[in-house]
Amino acid sequence: MPRWLRAAGRAVRAVRAVRGLRPLDALRREVEGVGRAARAAWREPGRERDLVKQSLKAAGAGLLAWFVAGVWMDDPMALMAPWVAVVLVQATVYSSVRQGTQQFTAICAGTLLASGAQAVTDDNTGALALSLPLLMLLANWPRFGNQGIYAATTALFTLTAGTVSASAVGHRLGQAALGAVIGVSVNALILPPVHLRDVRENLAALARETGDVLAGIAGDLREDEWDEQTAADWSSASSRLQRRLNALESARSWSLESLRLTYAPLRALNRIPSALPPEEEDQRWGRIAGHVAALTRTLAVAADERRTPVPPRGPVVEQYARLLDLIGDACRAEADRLSGEAVDARPDGSTREAMDALHRRLQEGLREQAAEGAPRATVLGTLLLQAENLWAEVFPPAETASDTSGQ
C-alpha cells in the first residue's frame with residue numbers, strides 16, 4: 001500500500017476518533033452543568049433553588065390531586081386531576097390562574113366537541129375526523145395562549161377512554177376543575193414564587209458590564225494602535241449591553257407579574273428583598289448604555305480610513321482613557337451597591353478633583369486639536385461630549401449638587 005494512502009487512512013481514523021469524542025464531551029459538559037446547578041441550589045438562594053422548589057411543588061400538587069381524586073373519591077377517571085395540577089404550578093401565581101382558566105376552557109371545548117361529534121357519527125374514527133380539524137384551528141386562537149393544544153389532546157382522551165356519555169363528560173370536567181384548583185392553590189399558598197432578585201441582578205450586571213466595556217475601551221486607546229477591528233470589538237461589546245438591557249426589561253415585567261395575586265406575608269418566606277429598585281434606574285442605565293453605543297460609533301467612524309474624521313493623537317488620548325477609567329470605576333461601584341454590598345458609590349473628593357483636572361486638560365487639548373484641523377477636533381469634541389453625558393448619568397447633577405452642598 002502506498003505511504004500516502006496509509007497516511008490518509010490514519011488521518012481518516014483520527015478524524016473519526018475525534019468525532020466519536022464529541023458526544024462524550026457533550027455528555028460530560030451536561031453532567032458538569034447539572035453538578036454546578038445542584039451545588040448552587042444547595043449553597044444559596046437563586047434561580048437553581050427556585051427551580052427545585054417549583055419542581056417539588058408541582059410533584060406535590062400532582063400527588064395531592066391523585067390522592068383526592070383517585071384514592072379519596074375513588075374516581076375511575078382520576079387521571080385528569082393530577083395532570084392539570086402538575087401543569088398549573090407555573091413560575092408565577094398570576095400565570096397559574098391565567099393558564100388554569102385557559103386550560104380548563106380548552107379542556108371543556110375538547111371534551112364537549114369530541115362528545116358531540118361521537119354522538120353525531122356514533123364512531124370514534126368519524127368523531128376524531130370531525131372534531132380534530134376544528135379543535136386544532138381553535139388551538140391557535142390567541143385567547144387560549146399556549147394552552148389551546150389541550151383541546152385536541154382532551155378530545156383524544158375522551159374518545160379513546162371508553163364509552164362517551166354525559167356522566168363521563170361530567171366526571172372529566174369535574175376532575176379537570178379539581179386539578180386546576182389544587183395546582184393553583186399549591187402554587188399560591190406554599191412558597192409562592194416571587195422573582196424580585198432578577199431585576200437587581202440584571203441591573204447590577206448591566207452596571208458592571210458597562211464599567212468593563214469602558215475599561216476595555218480605555219485600555220485599547222492607550223495602545224494608540226486601534227483600527228477597524230478594534231472598533232468592531234467595541235461595537236460588539238456595546239451590543240452586549242443592549243442585550244443585557246433587554247434582559248433587564250424582561251426581568252422587570254416578570255417581577256411585577258410575580259407580585260400579582262400573591263399574599264404579602266407569604267412572600268417573606270422566600271427570604272428575598274421585599275422591594276424592587278425603582279424603574280427610573282432601568283431608564284437611567286438604558287441612557288448610559290445608549291451613550292456607550294454612541295461613543296463606540298464615534299470611535300468606529302474615526303477608525304475608518306475611508307471617512308473624513310481623524311482620531312485624536314497625543315496626550316489627549318491618554319487623558320481621555322483615564323477619564324473613561326474613572327467612569328468605569330464608578331459604574332462598577334454602582335454595581336456593587338446594587339448587589340447589596342455595603343459600599344458608597346458616590347465619588348469622593350479626590351475623584352472629583354481628578355475628573356475636573358482631566359476635563360480642563362481635555363478642553364485645552366480640544367483647542368490644540370482644532371488648530372491641526374477640524375476633522376481631528378470633531379472626533380475629540382464628540383468623544384468628550386459622550387464622556388460628559390456618561391458622567392452626568394452615572395452621577396446625576398441633582399445628586400452631585402446635594403453632595404457638594406453638604407460638604
Side-chain angles (χ1 to χ4, degrees), residues 50-119 124 127-128 131-132 134-136 138-139 141 143-194 258 260-263 266 269:
D50 291 343
L51 180 60
V52 171
K53 288 191 297 186
Q54 287 299 102
S55 300
L56 294 178
K57 284 169 59 178
L63 289 172
L64 178 60
W66 174 258
F67 176 80
V68 173
V71 178
W72 184 46
M73 299 176 63
D74 195 23
D75 194 315
M77 298 182 183
L79 170 65
M80 292 295 293
W83 174 37
V84 174
V86 167
V87 172
L88 290 186
V89 179
Q90 295 290 321
T92 66
V93 174
Y94 175 77
S95 62
S96 288
V97 174
R98 185 186 70 246
Q99 293 188 26
T101 303
Q102 293 171 336
Q103 186 182 116
F104 182 71
T105 305
I107 289 174
C108 289
T111 302
L112 295 176
L113 281 176
S115 302
Q118 208 276 344
N124 286 349
L128 285 173
S131 62
L132 273 183
L134 179 60
L135 289 171
M136 288 307 301
L138 193 63
W141 188 31
R143 295 290 184 182
F144 278 142
N146 60 359
Q147 304 297 308
I149 192 63
Y150 288 106
T153 57
T154 302
L156 292 172
F157 285 144
T158 300
L159 294 173
T160 58
T163 304
V164 178
S165 62
S167 175
V169 170
H171 271 289
R172 187 165 284 106
L173 296 182
Q175 292 298 322
L178 176 63
V181 170
I182 291 176
V184 172
S185 299
V186 167
N187 204 30
L189 300 177
I190 301 177
L191 296 175
V194 180
S258 72
R260 301 177 69 177
L261 305 181
T262 57
Y263 186 48
L266 293 177
L269 299 177

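Note that these values count all heavy atoms, side chains included, but never hydrogens, waters or copies made by symmetry.
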Can you give me the closest heavy-atom contact between Q90 and N187, atom names plus distance? O-ND2, 3.1 Å
Looking at every non-hydrogen atom in both residues, tell me the closest pair between A127 and L159 and how far apart they are. CB-CD1, 3.8 Å
Nearest heavy-atom pair of P192 and V93: which atoms, and what distance? CB-CG2, 4.1 Å
Hey, could you give me the CG/CZ distance between L138 and R143, rounded to the nearest 0.5 Å? 13.0 Å
I need the full list of side-chain hydrogen bond (donor to acceptor under 3.5 Å, both in side chains) pairs touching residues 174-185, with sequence neighbours left out, sorted by first then second residue. D75-Q175
As an exercise, state the distance from NE2 of H171 to OG1 of T111, rounded to the nearest 0.5 Å. 13.5 Å
Closest approach of I182 and A61, non-hydrogen atoms and distance? CG2-O, 3.7 Å
Looking at G148, is its backbone amide N or carbonyl O close enough to the side chain of Q102 to form a donor-acceptor pair, meaning the two atoms are under 3.5 Å apart? no
Using every non-hydrogen atom in the two residues, find where V89 and G183 come nearest and quote the distance to one decimal. CG2-O, 3.9 Å
Ring pair (Phe, Tyr, Trp, His ring centres under 6.0 Å) against Y94, all qualifying residues, sequence neighbours excluded: none
Starting at CG of L113, measure out to OG1 of T158 and round the result to the nearest 0.5 Å. 10.0 Å
Looking at L88, is its backbone amide N or carbonyl O close enough to the side chain of S96 to form a donor-acceptor pair, meaning the two atoms are under 3.5 Å apart? yes
Inter- and intrachain pairs under ring pair (Phe, Tyr, Trp, His ring centres under 6.0 Å), touching residues 55-82, at least two apart: none
List, one per line, each side-chain donor-acceptor pair under 3.5 Å for residues 103-110, sequence neighbours excluded.
residue : atom : partner : partner atom : Å
Q103    : NE2  : Q147    : OE1          : 2.9
T105    : OG1  : T101    : O            : 2.8

I'd like to check M73 versus V68 (side-chain heavy atoms, cut-off strictly below 4.5 Å). Are they in contact? yes
List for me each residue that meets side-chain hydrogen bond (donor to acceptor under 3.5 Å, both in side chains) alongside S95, sequence neighbours excluded, and say none if there are none. T92
Can you give me the closest heavy-atom contact between A69 and L178, atom names plus distance? CB-CD2, 3.9 Å
T154: side-chain hydrogen bond (donor to acceptor under 3.5 Å, both in side chains) partners, not counting sequence neighbours: none
